[in-house]
2 protein chains.
Amino acid sequence: MATRTDAPTRREQILKEAARLFAERGFHGVGVDEIGAAVGISGPGLYRHFAGKDAMLAELLVGISESLLTGAKRRLSEAEAAGVAPEAVLDSLIEGHIDFALDDRPLITLHDRELDRLRDADRKLVRQLQRQYVELWVGAVRRLYPGLTEPAARSAVHSVFGLLNSTPHLTRPGSLPDRAGTAELLHRMARGAFAAAAES
Amino acid sequence: MATRTDAPTRREQILKEAARLFAERGFHGVGVDEIGAAVGISGPGLYRHFAGKDAMLAELLVGISESLLTGAKRRLSEAEAAGVAPEAVLDSLIEGHIDFALDDRPLITLHDRELDRLRDADRKLVRQLQRQYVELWVGAVRRLYPGLTEPAARSAVHSVFGLLNSTPHLTRPGSLPDRAGTAELLHRMARGAFAAAAES
DNA sequence: CCTTCAGGTTAACGACCGCTAACCTCCCTG
DNA sequence: CAGGGAGGTTAGCGGTCGTTAACCTGAAGG
């Protein structure tokens, strides 16, 4: 156990830079030499840490999907234990997703953009994790708005994801105004969108 | 002038298929041979119609940006002429954007995904058109909700674009339930999101 | 009927890219 | 102090991709 977050390992450095580059120029638009250069080694040195370029993307996408899902599960079980109201449960999910979207912008971008570049097995896994995550949201939404049909709730959830994942477009590089304000605005809009979806 | 929409020209066929392929697999992930094959000719035959692969993407992105902007301008001037209420103006913008997002899914996907693959001049042009489009929305939103600051309104507009542009994720290929229902749901959610953004 | 040209074809070139091979250091450990 | 593995390096191979060159063809027009 570390006193701090432990100096980032080489693998983590590589993953972080690869995520940034993939998000900026697309998976096929980035060469392994560029990824290497971004961490100070060059080209084939990456193969000491990853089996290939595909493996980096796979690890990024599986990682983000798992992280989103386990975070949501934790929040739901905590909420259930505390016996809070349905509104607070949904609020907690929204808050978690916003934190993620604001803190890991490149990953959020990759998440719904480069999924098809994965090998079949990895793509299936990621899709399954994503589906579970969506279903957690659908359940929380329908507990708060029982009038919503399941397909409508699912559509609404996907649309709110689109809203929350728009953060990469929000900030021209350099001018992120204040994180807290942006988070609160997004939160209000997400709740408003769900409420509007539920009105007849 | 034609009795119907005139049989699509070769150029239009090519653009349509290229848009679909680019949206599916990314600009760098599609080869010119595949685009050619999709319209029944093969590979280099495309160069009778376009200067290169880049030119196809440029024409697609400029076309969509112009189309969105002119559509919005037309709707705004019509609304002004009719002297309708601010709510109806925003509704008209929302409706236009939804129509576009539902009818030209691949283009909506490309629009915010492959912009950086353009030559400098084209990218500047597209960005300028997009900015104008956003500003039309910001104006309409602030006329309806004068309490919103301009940065807040702009963020809200970008977020609602994210919501509306989520349509490609909504329909697993083949099962689009009913267009009208989806459009109405999206419309309600967009309005709800704006209203929530405006509440303190 | 001959010409021309739009719209194709195939062959091939040059560049680039992912990846492997072969080799070179340190540093840690017995 | 040997030695061995972790983590680099450069050279280069094989394949792919965008693009060009050279050639073909069928239909329209004078």
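Every chain is numbered from 1 and lettered A, B, ... according to where its sequence line falls, protein lines coming before strand lines.
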| said: Regarding Val30(B), tell me which of base, sugar-phosphate or nothing describes its non-hydrogen contacts under 4.0 Å with the strands shown. | reply: sugar-phosphate
If I take atom [atom1] in residue [X] and atom [atom2] in nucleotide [N], what distance separates them, rounded to the nearest angstrom?
X: Met56(B); N: dC17(D); atom1: CE; atom2: C1'; value: 13 Å
X: His28(B); N: dC16(C); atom1: NE2; atom2: P; value: 14 Å
X: Asp33(A); N: dA15(C); atom1: CG; atom2: C1'; value: 14 Å
X: Phe50(B); N: dT19(D); atom1: CZ; atom2: P; value: 13 Å
X: Tyr47(A); N: dT10(D); atom1: OH; atom2: C1'; value: 15 Å

Flag the pair [X] / [Y] as yes when at least one side-chain heavy-atom distance between them is below 4.5 Å, and no otherwise.
X: Val138(A); Y: Arg142(A); result: yes
X: Arg117(B); Y: Asp54(B); result: no
X: Leu110(B); Y: Leu60(B); result: yes
X: Leu170(B); Y: Ser159(A); result: yes
X: Phe161(A); Y: His97(A); result: yes
X: Gln130(A); Y: Asp112(A); result: no
X: Gln132(A); Y: Lys73(A); result: yes
X: Leu136(A); Y: Leu69(A); result: yes

| query | Can you list, by residue number, the residues of residues 13-24 of chain B that have a non-hydrogen atom closer than 4.0 angstrom to DNA chain C? | reply |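 Here the set is empty: none.
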| said: I'd like to compare against my own output: the B/S/- annotation of nucleotides 4-11 of chain C with a strict under-4.0 Å heavy-atom distance to protein. | reply: ---BBBBB
